[in-house]
Every structure is written in structure tokens, then in C-alpha cells.
Amino acid sequence: MTDRELRAGEQQLAECARELSEGITQALPGWVMSAVESRLLAMSPGVREAAEAAGAAAAAEIGGEVARLLAADVDDQRENPLAVLRRAVRYPTEVLIAAGAVPVERDDFAINRFPDDIYDLTPASFGDVHPDLQTPGLTWGAAKAFVHRRRHR
């Protein structure tokens, strides 16, 4: 592979990273709201307001973390964006706890892997946050693998 081909792959990776990062930031407020709604029979105006605020905070904080991770060089990325995205579970969880929602029954894997996720909200994939994130997540992963493999052959 030539230097030019590697640079083109790195440019493609940067474009995929930007698309995934922007998509995650845009999707988080709606995901927080739907996560809260999924565990409550009804939402009072106060809970709705708290969920909206939590969604905005998740977009700013988790979206920022994802953006920083994806802006880093491939060789400096020590975790993946889905792992960062999963930390957003705390936002709807805090709203649900304050609203008095009853925790759900979870299997042993969920309890051991995500002990603080008492409402079983942890996304298994980007598509669980929003269907429009599935393709950018897969495309980013393929682009990252391509660049990493080319650099380290």
C-alpha cells in the first residue's frame, strides 16, 4: 500500500468518525427520553422536564467524550465509542430513580457486566440508541480496522 492510499484511508476514517460522533450527539436526547418512557407507565411534566435536561446533558458530556475519542489517532484509542456511549445509561437511570421507578429483573450477565444499570437500558449496539447509528458505527469500525491493519502490517 502506498502512502497516498493510507492517507485516503485515514481521510475516510476521519469522515466516518465525524458522522458517527455527530449522530451519537444528536441521538442521545431522544434515547434518554425513550429510555425513561420505557420504564414508566406515565410521565409527569416534572419527569419529562428532568428527562429532557438529562438528554441534553448526555449529548453534551457523552457526545463530547465520543468526539474526543474519535478525533484521537487510531493507535491512541484505548476504548471504543460504544463503550463510551454505554456510560450514558446513568442519565435516564438518575431520572428514573428520582421518579421512583422500580428496577427491572435482569439476568446474571447484565448484572455482572453492567451492575449500575438497574433498569436494563444498556445498548447492545449503536442501533439500540437510534437505528440511524447502526450503519455509521459499522462503517467507522471497518474504516478503523482498515487503517490499523495497513499501518501495522
(request) Name all residues meeting the side chain to side chain donor-acceptor pair (under 3.5 Å) criterion together with Ser125; count only those two or more places apart in sequence or in a different chain, and write none if there are none. (result) Gln134
(request) Go through the structure and list residues passing side chain to side chain contact (heavy atoms under 4.5 Å, CB included) with Arg78, not counting sequence neighbours. (result) none
(message) Using the side chain to side chain contact (heavy atoms under 4.5 Å, CB included) criterion, which residues pair with Ala145? Sequence neighbours excluded.
(response) none
(request) With sequence neighbours left out, write down each residue that passes side chain to side chain contact (heavy atoms under 4.5 Å, CB included) with Ala83, or none if nothing qualifies. (result) Glu79, Asn80
(request) With sequence neighbours left out, write down each residue that passes salt bridge (Lys or Arg N to Asp or Glu O under 4.0 Å) with Glu22, or none if nothing qualifies. (result) Arg18
(request) Please collect all side chain to side chain donor-acceptor pair (under 3.5 Å) contacts where either partner lies in residues 51-73, sequence neighbours excluded, each pair once. (result) Glu61-Arg90, Glu61-Tyr91, Glu65-Arg87, Asp73-Arg151
(message) Applying side chain to side chain donor-acceptor pair (under 3.5 Å), can you list everything that pairs with Gln26, at least two apart in sequence or on another chain?
(response) none
(request) With sequence neighbours excluded, tell me which residues meet salt bridge (Lys or Arg N to Asp or Glu O under 4.0 Å) with Glu19. (result) none
(message) So, taking the atom named CG in Leu96 and the one named CD in Glu37, what distance separates them when rounded to the nearest 0.5 Å?
(response) 10.5 Å
Could you go through residues 115-122 and list every donor-acceptor pair under 3.5 Å that involves a side-chain atom there, pairing it with any protein atom two or more places apart or in another chain?
{"residue": "Asp117", "atom": "OD1", "partner": "Asp120", "partner atom": "N", "Å": "3.1"}
{"residue": "Asp117", "atom": "OD1", "partner": "Leu121", "partner atom": "N", "Å": "2.9"}
{"residue": "Asp117", "atom": "OD2", "partner": "Leu121", "partner atom": "N", "Å": "2.8"}
{"residue": "Asp117", "atom": "OD2", "partner": "Thr122", "partner atom": "N", "Å": "2.8"}
{"residue": "Asp117", "atom": "OD2", "partner": "Thr122", "partner atom": "OG1", "Å": "2.6"}
{"residue": "Tyr119", "atom": "OH", "partner": "Ala101", "partner atom": "O", "Å": "2.8"}

(request) Kindly state each residue pair satisfying side chain to side chain donor-acceptor pair (under 3.5 Å) with at least one member in residues 97-109, sequence neighbours excluded. (result) none
(request) Tell me whether Phe126 is reachable from Leu138 by hopping between hydrophobic residues (I, L, V, M, F, W, Y) whose side-chain heavy atoms are closer than 4.5 Å. (result) no
(message) My understanding is that only residues two or more places apart in sequence, or in another chain, count here; which of them pass side chain to side chain contact (heavy atoms under 4.5 Å, CB included) with Ala143?
(response) Leu13, Cys16
(request) Quick one: list whatever passes salt bridge (Lys or Arg N to Asp or Glu O under 4.0 Å) with Asp76, sequence neighbours left out. (result) none
